[in-house]
Amino acid sequence: MYKNVYNKRGIEPKNIESKFEIDELFFSTTDLKGTIISGNDVFIRVSKFSKEELIGKPHNKIRHPDMPRAVFKAVWETIKQGKPFVGYVKNMAKDGSYYWVLACIYPMFDEERNIKKFLSIRLKPTSDIFKIIPDLYQDVLKYEHREGIDAALEYLLNKIKKLGFENYEEFSKKAFLEEMSSREKLLIKNIEVSNKLIVAFESQNDYLSDRLSSLQSTFLRLNRYYTNIYNKVNIFLDMNQELSEKSRFVFQLAEEIRLLSLNASIESYKIKKEGVSFSTLSQEMRKNAEYSERQIIRLTELINETNKDIEETSFNILSCKLQIDMIVYFLKEMLQKLSIESISEEEEKEINENMSDLFELLRFYSDKLSKNVYDSKSKLRNIFYNIKDLNVLINRLDFIHINGLIESAHSGSDGGSFTIIFSQMLKLVEAAKNQIINLETNITAATEENLHIDITTNLIEERLLKLEKKYEDLFS
């Protein structure tokens, strides 16, 4: 089956892993058809092909027959739209051994915003979420053999929904976060591995070595800024969930208050002389309830928009962190290479082109992150003012409820039903006040975190600009 259908190379897959370490990252660039343009040394080593055997060949040269082709259909559908794709991939080396990666595939654009190439960065998957993938892919692959690629993709998406994710994008963002978090924890545990990034090397090419060493020092300093931002990712995502829960709860309260005000209007027609005062109160209650509901709908819309911004911000933070880690590792890798061998002019040109691509990608996602933070600042401010306005409306309802209880007490037995209604109103008003206080606290915290990231991204932007000017011949 492998040879006839899924393995045109005729290599028998082996249940042997082609290993690489947790600190090792690798990347490759491809053209619009998926033909390999370049890649770093780890990519070459782990694939066990020579560089000549990979450059100019389709990237599916390393595809493992255990991979559902439906996954690659999802890849191409995503990246051809100019969107990044994050997903687990099982590759096969030249000798039939396998290696799993989390692949982050980024489209790169020309000045007219047309896609010009793709850059894929891969890391070693080590998180708990990865444990479900091999069996999931085997299940999808069996289905694909029976029903075809399109049906298999739909089957995969349904499987992901059953795992508790709304869609593939939500799953991929979760996987990205978990893998980056797991990698960071493992690197912290293994200080010796982490320190390997900053080892100095004696070189066979003094000019190139000095240039790369200078870049390494600069990017290591920049990496500290990105790490600082990266450490905020979980705070933002937790805040995202908290805001969603609070907005849903307040929205439900608005509906309950509206229904209660409607009941008050109905009850006001059942009694005689007191009905006039109760009717006035119930109308005032209904009017304020409607205002509150409109305010809450607007507030919910703002929170939903902000949540999308926070999700995008989190993805861009993870991307920037991965990209600068890749740059730092690539520089270390090249310095190591220069310490043991001399390189040709063509190889030096390729190093410079790869550095330029990696920097361009980092610059692009840093700009996106900076814009995210700027947009969030305005939306968080709008949410804060909406909460203040909502608080005024809720306090008015509180005032109506007090007057209602007084009227009920004066009405004797005729006001009994209103006593119940206004007592229920008290509970709803108190619940609304508590949720509004919590929302205010969350928005204040989000604003403070957003400000912190805003300051850091501005510092990053300044340093990237200086770096661009300093190495204008490389990054232009």
List the steps and the verdict of side chain to side chain contact (heavy atoms under 4.5 Å, CB included) for Met355 and Leu331.
CA-CA 8 Å; Met355 267 306 303; Leu331 286 166; 3.8 Å; yes

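- In this structure, the side chains of Asp325 and Ile121 stay at 4.5 Å or more apart for every pair of heavy atoms.
- Judged as a side chain to side chain donor-acceptor pair (under 3.5 Å), and not counting sequence neighbours, Tyr137 has no contacts.
- Of all heavy-atom pairs between Gly34 and Trp76, the closest is N-CH2, 3.7 Å.
- Under the rule for a side chain to side chain contact (heavy atoms under 4.5 Å, CB included), the partners of Ser127 that lie at least two apart in sequence or sit in another chain are Tyr88, Ile129, Phe130, Glu178, Glu179, Ser182.
- Between the Thr35 side chain and the Asp31 main chain, no donor and acceptor come within less than 3.5 Å of each other.
- When every heavy atom of Lys117 is checked against every heavy atom of Thr30, the shortest pair comes out as CB-O, 3.2 Å.
- Across every non-hydrogen atom of Ile160 and Asn167, the tightest pair is CG2-O, 3.9 Å.
- The side-chain heavy atoms of Leu25 and Phe330, taken from C-beta on, include no pair separated by under 4.5 Å.
- In this structure, Ser356 contributes its side chain and Asn352 its backbone to no donor-acceptor pair below 3.5 Å.
- Closest approach of Ser214 and Tyr471 over heavy atoms only: OG-OH, 2.7 Å.
- Legend: residues meeting side chain to side chain contact (heavy atoms under 4.5 Å, CB included) with Ser217, ordered by chain and number and at least two apart, are Arg221.
- Annotation: side chain of Leu322 is in contact with side chain of Cys104 (closest heavy-atom distance under 4.5 Å).
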Under the criterion side chain to side chain contact (heavy atoms under 4.5 Å, CB included), I'd like the reasoning laid out for Leu136 against Leu156: C-alpha separation, chi angles, the key distance, then a yes or no.
CA-CA 8 Å; Leu136 175 64; Leu156 172 63; 4.0 Å; yes

I would like to know whether Lys116 and Glu360 meet salt bridge (Lys or Arg N to Asp or Glu O under 4.0 Å); could you show each step before the answer?
CA-CA 12 Å; Lys116 60 179 181 178; Glu360 183 183 326; 3.1 Å; yes

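- Side chain of Thr29 to main chain of Ser38: a donor-acceptor pair is present (N/O by atom type, distance under 3.5 Å, no hydrogens or angles).
- Partners of Tyr99 under the ring-ring contact (aromatic ring centres under 6.0 Å, His included) rule, at least two apart in sequence or in another chain, do not exist in this structure.
- For an aromatic pair to be called close, the ring centres must be under 6.0 Å apart, and Tyr168 with Phe85 satisfies this.
- With a 4.5 Å cut-off on side-chain heavy atoms, Asp357 and Phe27 do not count as touching.
- When atom types are taken as modelled, the side chain of Tyr365 and the backbone of Gln323 share no donor-acceptor pair closer than 3.5 angstrom.
- Residues Phe315 and Glu311 are not in side-chain contact: their nearest non-hydrogen atoms beyond the backbone lie 4.5 Å or more apart.
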Run the numbers on Leu465 and Glu468 for side chain to side chain contact (heavy atoms under 4.5 Å, CB included), then give the verdict.
CA-CA 5 Å; Leu465 190 59; Glu468 205 168 22; 4.0 Å; yes

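- In this structure a side-chain-to-backbone donor-acceptor pair under 3.5 Å is missing from Ser120 to Ser28.
- Taking CG of Leu123 as the start and CG of Asp23 as the end, the distance is 12.0 Å to the nearest 0.5 Å.
- Heavy atoms only, all atoms of each residue included: Asn316 and Asn372 are closest at ND2-OD1, 2.6 Å.
- Taking every heavy atom of both residues into account, Leu208 and Ile351 meet most closely at CD2-CD1, 4.2 Å.
- Between atom CD1 of residue Ile37 and atom CG of residue Leu119 there is a gap of 9.5 Å, rounded to the nearest 0.5 Å.
- Between Phe26 and Phe20, the gap from one ring centroid to the other is short of 6.0 Å.
- Rounding to the nearest 0.5 angstrom, the gap separating the OG1 atom in Thr306 from the NZ atom in Lys308 is 10.5 Å.
- Considering OG of Ser378 and CG of Asn382, their distance stands at 5.0 Å, rounded to 0.5 Å.
- Residue Lys377 is tested with Thr447, Asp309, Asp454 for a side-chain hydrogen bond (donor to acceptor under 3.5 Å, both in side chains); the sole match is Asp454.
- Residues that satisfy the side chain to side chain donor-acceptor pair (under 3.5 Å) test with Tyr155, not counting sequence neighbours, are Asp139.
- At distances below 3.5 Å, not a single donor-acceptor pair connects side-chain atoms of Arg183 with backbone N or O atoms of Thr126.
- Residues Val89 and Val75 fail the side-chain proximity criterion, which asks for heavy atoms closer than 4.5 Å.
- Remark: Ser319 pairs with Tyr106 by the side chain to side chain donor-acceptor pair (under 3.5 Å) rule, at least two apart or across chains.
- Considering only heavy atoms from C-beta on, Lys332 comes within 4.5 Å of Gln216 through its side chain.
- With respect to the salt-bridge test (charged N to carboxylate O, under 4.0 angstrom), the residues Lys379 and Asp375 do not qualify.
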Report the C-alpha separation of Asn158 and Glu154 in whole Å, then their side-chain angles, then the decisive distance to 0.1 Å, and conclude whether the side chain to side chain contact (heavy atoms under 4.5 Å, CB included) test is met.
CA-CA 6 Å; Asn158 287 332; Glu154 191 67 30; 4.1 Å; yes

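- For Glu301, the side chain to side chain donor-acceptor pair (under 3.5 Å) test picks out no residue, with sequence neighbours left out.
- The existence of a salt bridge linking Asp367 and Lys371 is excluded, since no basic side-chain nitrogen approaches an acidic carboxylate oxygen closer than 4.0 Å.
- With sequence neighbours left out, the ring-ring contact (aromatic ring centres under 6.0 Å, His included) criterion links Phe109 to Phe364.
- A salt bridge links Glu77 with Lys73: at least one charged nitrogen is closer than 4.0 Å to a carboxylate oxygen.
- Salt bridge status for Lys466 with Glu461: absent, with no side-chain N to carboxylate O gap under 4.0 Å.
- When each of Thr457, Asn450, Ile455, Thr456 is paired with Ile453, the side chain to side chain contact (heavy atoms under 4.5 Å, CB included) condition holds for Thr457 and for no other.
- Among residues two or more places apart in sequence or in another chain, the ring-ring contact (aromatic ring centres under 6.0 Å, His included) test is passed with Phe219 by none.
- One finds the CG atom of Asn40 at 10.0 Å from the CD atom of Glu350 (value rounded to the nearest 0.5 Å).
- Distance CD/Glu448 to CG/Leu380: 11.5 Å, rounded to 0.5 Å.
- Sequence neighbours left out, the pairs with a member in residues 160-171 that pass salt bridge (Lys or Arg N to Asp or Glu O under 4.0 Å) are Glu169-Lys173.
- Checked against side chain to side chain contact (heavy atoms under 4.5 Å, CB included), Asn231 has the following partners two or more places apart in sequence or in another chain: Thr227.
- The closest side-chain heavy-atom distance from Met108 to Phe118 is not below 4.5 Å.
- In terms of the side chain to side chain contact (heavy atoms under 4.5 Å, CB included) criterion, residue partners of Glu353 (sequence neighbours excluded) are, by chain and number, Lys349.
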